[in-house]
A.B. asks: 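Supplied in structure tokens, the structure appears directly below.
Numbered from 1 within each chain, the chains take letters A, B, ... in sequence-line order.
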There are 2 protein chains.
Amino acid sequence: MKMSGGVEWAIHCCVLLSQADGPVPAPRLAEFHGISRTYLAKHLQHLSRDGLVSSTEGRVGGYVLTRPAEQITVLDVVLAIEGREPAFRCTEIRQNGPLPASPAACKRACGVARAMHAAEQAWRESLRGVTIADLAAGVLVDAGPDTFVRLREWLSAS
Amino acid sequence: MKMSGGVEWAIHCCVLLSQADGPVPAPRLAEFHGISRTYLAKHLQHLSRDGLVSSTEGRVGGYVLTRPAEQITVLDVVLAIEGREPAFRCTEIRQNGPLPASPAACKRACGVARAMHAAEQAWRESLRGVTIADLAAGVLVDAGPDTFVRLREWLSAS
DNA sequence: GTCCGTTTACTCGGATATGCGTTGTCCGAGTTGCGCTGG
DNA sequence: CCAGCGCAACTCGGACAACGCATATCCGAGTAAACGGAC
């Protein structure tokens, strides 16, 4: 069970976008994080499809958050990148074999699937409790109060 | 983020083993669930490596749970199959690019990694709260009280 | 009848191919700012 | 000096290969029961 590495990229990009004044193009985002330009663009497309970011074309185009950072949760980003399919998918093997479960018993989901579903729900709830704004505030605490000032300077300089 | 399908198989096998009287060989387990013999054997090897099941060779060999079903959690099985590596692994991209985070700021884990880690911890705690015995009890409720009786009959018959 | 050796069938374990998904890259369509030209 | 037009550069979006891992399989090593024969 491995999460896509693009999730980390997307979250960091959202934190950056929350502190930018205007649109930020994908190559700029990639350069700032030292990652692949083209591959990051692919992930940003997923964010755009889910309506988390808005893309503007043209000479001074780029990506902008569609909502305030306080209203974007980490779960939103994860679902946009990884998709909404649950990690565990029940194949109903209890209906196979010489002693298959009766159709009446299968009206309720099997216990294994219920346990997995509950765990995934807990995971989602935890991620839903953290917003991009929270992460941005954490960066300020860890890296110093002038971090985003220098970020904006770099954005306007290049 | 997709979980291995072998996890479902392994959990169902553990539930079955918790109700068996003696060792159950892998081909029997596979036949009962209508799944691949050889591939299931591979997953059972993982359970054996982690000490969840004990294997006995020879003519009447097979797999037996090493602990009572009340002391085996779903998390144990998931970790045995999927491995103990966390789904999210931080690549520390905050240290890249033109404005890298200072080494002092990196003494603490980055906020993204902390959020992911907390979510995964919640997921683990949820899975840790369900035991193989709980699942077996759920099967009794869903499929009827005589389910395991018929299971034992089938095991001794074939 | 009992004990022992051999056979035999059955088990697990690791080493070995294959298909699909994530990773990574590229090029084309579209849009906007900028510069030039004409009035 | 100002307005209109063409250009060019920059942007995003989807289509195109390559690697890695999960999937699926096979065969060999080992073991314990069962059988046959000798005592």
Side-chain angles (χ1 to χ4, degrees), chain A residues 1-10 13 17 20 22-31 33-66 78 80-83 85 87-89 91 93 155 158, chain B residues 1-10 13 17 20 22-31 33-66 78 80-83 85 87-89 91 93 155 158:
Chain A
M1 200 177 63
K2 187 164 61 73
M3 176 176 292
S4 167
V7 171
E8 184 184 8
W9 298 4
C13 285
L17 289 177
V24 182
R28 203 70 47 85
L29 287 167
E31 183 187 0
H33 294 108
I35 54 184
S36 162
R37 281 186 295 269
T38 53
Y39 193 27
L40 176 63
K42 190 178 190 66
H43 292 305
L44 291 173
Q45 286 177 27
H46 284 84
L47 294 183
S48 180
R49 284 181 195 168
D50 270 31
L52 289 177
V53 301
S54 155
S55 65
T56 60
E57 295 184 345
R59 191 169 174 79
V60 292
Y63 290 97
V64 184
L65 294 182
T66 56
V78 171
I81 301 296
E82 289 282 333
E85 296 239 335
F88 179 86
R89 57 210 146 66
T91 59
I93 65 176
L155 282 177
S158 59
Chain B
M1 200 178 64
K2 186 165 61 73
M3 178 177 290
S4 167
V7 170
E8 184 185 8
W9 298 4
C13 285
L17 289 177
V24 182
R28 204 70 48 84
L29 287 167
E31 184 187 0
H33 294 109
I35 55 183
S36 162
R37 282 186 293 269
T38 53
Y39 194 27
L40 176 63
K42 188 177 191 65
H43 292 305
L44 291 173
Q45 286 177 28
H46 284 83
L47 294 182
S48 180
R49 283 182 196 168
D50 270 30
L52 289 178
V53 300
S54 156
S55 65
T56 60
E57 294 184 345
R59 192 170 173 79
V60 293
Y63 289 97
V64 184
L65 294 183
T66 57
V78 171
I81 301 296
E82 288 283 331
E85 297 239 334
F88 179 86
R89 57 212 144 62
T91 59
I93 65 176
L155 282 176
S158 59

A.B. asks: Report the residues that fulfil ring-ring contact (aromatic ring centres under 6.0 Å, His included) with A:H46, sequence neighbours left out, ordered by chain and then residue number.
C.D. replies: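 Per chain and number, A:H46 pairs via ring-ring contact (aromatic ring centres under 6.0 Å, His included) with no residue.
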A.B. asks: For the residue pair A:M3 and A:V78, what are the closest heavy atoms and their distance?
C.D. replies: CE-CG1, 4.4 Å
A.B. asks: Restricting to nitrogen or oxygen on both sides, can you table the protein-nucleotides 8-11 of chain D pairs closer than 3.5 Å?
C.D. replies:
{"unit_1": "D:dT11", "atom_1": "O4'", "unit_2": "A:G58", "atom_2": "O", "d": "2.9"}

A.B. asks: Would you please name every residue forming a side chain to side chain contact (heavy atoms under 4.5 Å, CB included) with A:T91, sequence neighbours left out?
C.D. replies: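 Residues passing side chain to side chain contact (heavy atoms under 4.5 Å, CB included) with A:T91: A:I93, B:E8.
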A.B. asks: Contact class for B:T38 vs. all strands (heavy atom < 4.0 Å): base, sugar-phosphate, or nothing?
C.D. replies: base
A.B. asks: At a heavy-atom distance below 4.0 Å, which nucleotide of DNA chain C is the first touched by chain B, and which is the last?
C.D. replies: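 So the contact region on DNA chain C extends C:dA9 to C:dA15.
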A.B. asks: To the nearest Å, give me how far apart NZ (A:K2) and P (D:dC21) are.
C.D. replies: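 Computing the A:K2:NZ to D:dC21:P distance gives 7 Å.
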A.B. asks: Going by the rule side-chain hydrogen bond (donor to acceptor under 3.5 Å, both in side chains), which residues pair with A:T66 if we only count those two or more places apart in sequence or in a different chain?
C.D. replies: none
A.B. asks: With sequence neighbours excluded, give me every side chain to side chain donor-acceptor pair (under 3.5 Å) pair touching residues 48-61 of chain B.
C.D. replies: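 Qualifying pairs: B:D50-B:R84.
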A.B. asks: Looking only at heavy atoms, which two atoms of A:I81 and A:G6 are closest? And how far apart?
C.D. replies: CG2-C, 4.2 Å
A.B. asks: What are the two closest non-hydrogen atoms of B:A80 and B:L47, and how far apart are they?
C.D. replies: CB-CD2, 3.8 Å
A.B. asks: Please classify the nucleic acid contact of B:G6 as base, sugar-phosphate, or nothing, using heavy-atom distances under 4.0 Å.
C.D. replies: nothing
A.B. asks: Between A:H43 and A:C13, is any pair of side-chain heavy atoms under 4.5 Å apart?
C.D. replies: no
A.B. asks: Taking DNA chain D as the partner, which of residues 39-47 of chain A come within under 4.0 angstrom of it by heavy atom?
C.D. replies: A:K42, A:Q45
A.B. asks: Please identify each residue that fulfils side chain to side chain contact (heavy atoms under 4.5 Å, CB included) with A:A30, with sequence neighbours left out.
C.D. replies: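 Partners of A:A30 under the side chain to side chain contact (heavy atoms under 4.5 Å, CB included) test: A:I35, A:R37, A:L40.
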A.B. asks: Within the structure provided, determine whether A:L44 and A:V53 are in side-chain contact (heavy-atom separation under 4.5 Å).
C.D. replies: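 A:L44 vs A:V53: side chains apart.
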A.B. asks: In whole angstrom, what separates B:M1's CE from D:dA22's P?
C.D. replies: 14 Å
